[in-house]
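Working notes, structure below.
As the structure is a computational prediction, the values presented were derived from the model and not from experiment.
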There are 2 protein chains.
Amino acid sequence: MTATNGGPTGTRQDTVAAVVRQWQSVHPDLDTAPMEIIGRINRCAALLQQAEDAPLRRAGLSRPEFDLLGALRRTGHELTPSELARETFSSGAAVTKRLKLLTERGLVERRGDSRDRRVAHLRLTDAGRELVDGTLPEQLAYETAVLSGLDPRRQHELASLLGELLSQLEGRLGALRA
Amino acid sequence: MTATNGGPTGTRQDTVAAVVRQWQSVHPDLDTAPMEIIGRINRCAALLQQAEDAPLRRAGLSRPEFDLLGALRRTGHELTPSELARETFSSGAAVTKRLKLLTERGLVERRGDSRDRRVAHLRLTDAGRELVDGTLPEQLAYETAVLSGLDPRRQHELASLLGELLSQLEGRLGALRA
DNA sequence: GAACCATTCTTTACGAGTAAAACACTTGCT
DNA sequence: AGCAAGTGTTTTACTCGTAAAGAATGGTTC
């Protein structure tokens with residue numbers, strides 16, 4: 001173990017490290033390595049989600065709502081509810097509810113398919129597109145500030161490792177379900 | 001397959017990379033770097049949470065319930081509801097509900113404080129401790145399997161970078177709230 | 001063309017989390 | 001002592017998500 005923090009290189013302990021230390025002292029035989037990744041990912045996600053919503057709230061949007069609008073914006077074309085569900089990783093029912101609210105607020109419009117009357121096509125209204133385009137830069141700036149504690153070199157490494165992990169998880173997880 | 005470091009040709013693409021590419025083509029001027037970290041953390045957390053619960057479900061526990069029992073186990077002493085809330089990063093109300101269920105199931109016991117009759121002290125029953133001690137190794141083995149797509153060297157790097165990020169977030173986020 | 005199955009989306013029932021109010025108790029001030 | 005303010009916990013009202021059932025439509029097979 002290195003010396004205490006206080007110097008410019010000294011790193012402050014995170015809570016997961018403390019938790020892992022506790023487990024080690026109770027069960028010294030246990031391999032707690034996965035906690036240091038999974039526990040931290042969960043904890044980071046929780047903290048980021050709390051903090052992250054700040055600029056979105058100014059726009060009156062929740063993160064899942066913004067994700068839905070963003071999917072319509074970034075694909076650049078209309079999407080059906082099931083495509084939106086896939087795109088935003090949420091259930092069809094959740095999409096239905098969000099679409100109801102967002103259409104009432106005039107941010108998205110629906111159009112029925114002429115051939116297959118089961119499907120609906122959703123697109124952003126002008127107001128919706130303006131809201132996304134106005135909010136996204138603020139959101140990204142905020143996120144940049146939130147991450148600024150990590151120097152750019154490390155941010156890049158982290159992004160790269162997370163990308164590797166994620167692509168593994170996305171490839172495997174369906175198969176691993178036991 | 002091929003060398004994975006840096007080359008976009010070698011590694012399977014994750015979904016976040018595709019999303020980022022879409023944004024880039026719509027708003028080429030935008031700095032989408034934070035998405036590659038925050039988006040991936042969120043997505044990893046979602047996937048892990050889904051998959052992760054498998055061994056816990058066998059024990060009839062949700063992840064938050066297990067976290068609560070684990071907090072009692074790893075600290076090794078009694079905790080009050082508010083300490084449990086802090087320890088598991090959830091609201092007091094949620095802890096109250098979980099404690100109700102877990103005491104009904106005979107996994108935790110409550111004891112009133114003799115001096116201050118507002119506070120309760122919670123501890124694991126023998127059954128509770130046995131459940132935690134029996135489940136945790138399975139859980140960790142499963143998590144190890146889930147992470148096994150990443151080689152140990154990279155797992156260590158990832159854990160370390162996440163630790164840095166998390167300690168920054170935990171230190172700063174309270175102050176950043178605007 | 002009618003019965004059957006698959007699909008797309010919506011509705012319903014419910015579980016779980018939170019914020020804020022309520023409650024129970026303690027502490028400090030006068 | 002008596003009352004105000006503070007603290008720890010629970011309750012209440014509400015939001016939001018999902019799974020499962022339901023409704024509407026399309027396709028297929030005989």
Looking at A/S82, I'd like to know whether one of its side-chain N or O atoms comes within less than 4.0 Å of OP1 or OP2 on C/dC9.
yes
Listed by chain and number, what are the side chain to side chain contact (heavy atoms under 4.5 Å, CB included) partners of B/P64, not counting sequence neighbours?
B/S62, B/R98
Calculate the interatomic distance between A/L84 atom CG and C/dT8 atom C1'; express it in whole Å.
13 Å
Please check if the side chain of A/T88 supplies one atom and the backbone of A/D67 the other of a donor-acceptor pair under 3.5 Å.
no
Regarding A/T15 and B/E170, is there a side-chain donor-to-acceptor distance under 3.5 Å anywhere?
yes
Rounded to whole Å, the CG-C1' distance (A/L68 to D/dG17) equals 14 Å
If the threshold is 4.0 Å, N to carboxylate O, is there a salt bridge linking A/E143 and A/R63?
yes
For the pair made of CD in A/Q50 and P in C/dT18, what is the distance, rounded to whole Å?
9 Å
If the threshold is 4.0 Å, N to carboxylate O, is there a salt bridge linking A/D116 and A/R118?
yes
Classify the nucleic acid contact of A/S90 as base, sugar-phosphate or nothing, counting any heavy atom under 4.0 Å across all strands shown.
sugar-phosphate
In whole angstroms, the gap separating P of D/dG17 from CZ of A/F89 amounts to 16 Å
Nearest to side-chain heavy atoms of B/A93, which nucleotide of D/dT9, D/dT11, C/dG17
D/dT11
If I take atom CZ in residue A/R117 and atom C1' in nucleotide D/dG27, what distance separates them, rounded to the nearest angstrom?
15 Å
Using modelled atom types only, decide if a donor and an acceptor are shared between the side chain of A/R74 and the backbone of B/V26 within a distance under 3.5 Å.
no
B/A59: which residues meet the side chain to side chain contact (heavy atoms under 4.5 Å, CB included) condition with it, sequence neighbours left out?
B/L61, B/L131, B/T135
Rounded to whole Å, the CZ-P distance (A/R98 to D/dT15) equals 16 Å
In whole angstrom, give the distance that lies between atom CD of A/E83 and atom P of C/dT7.
15 Å
Whole angstroms only, please: what is the NZ-P distance between B/K100 and D/dT12?
11 Å
Nearest to the side chain of A/K97, heavy atoms from C-beta on, is which of D/dG8, D/dG26, C/dT12?
C/dT12
Among residues 101-116 of chain A, which contact DNA chain C at a heavy-atom distance under 4.0 Å?
A/R110
Select base, sugar-phosphate, or nothing to describe what B/S62 touches, counting heavy atoms under 4.0 Å on all strands.
nothing
What nucleotide among C/dT26, D/dT11, D/dG26 has an atom nearest to a side-chain atom of B/R118?
C/dT26
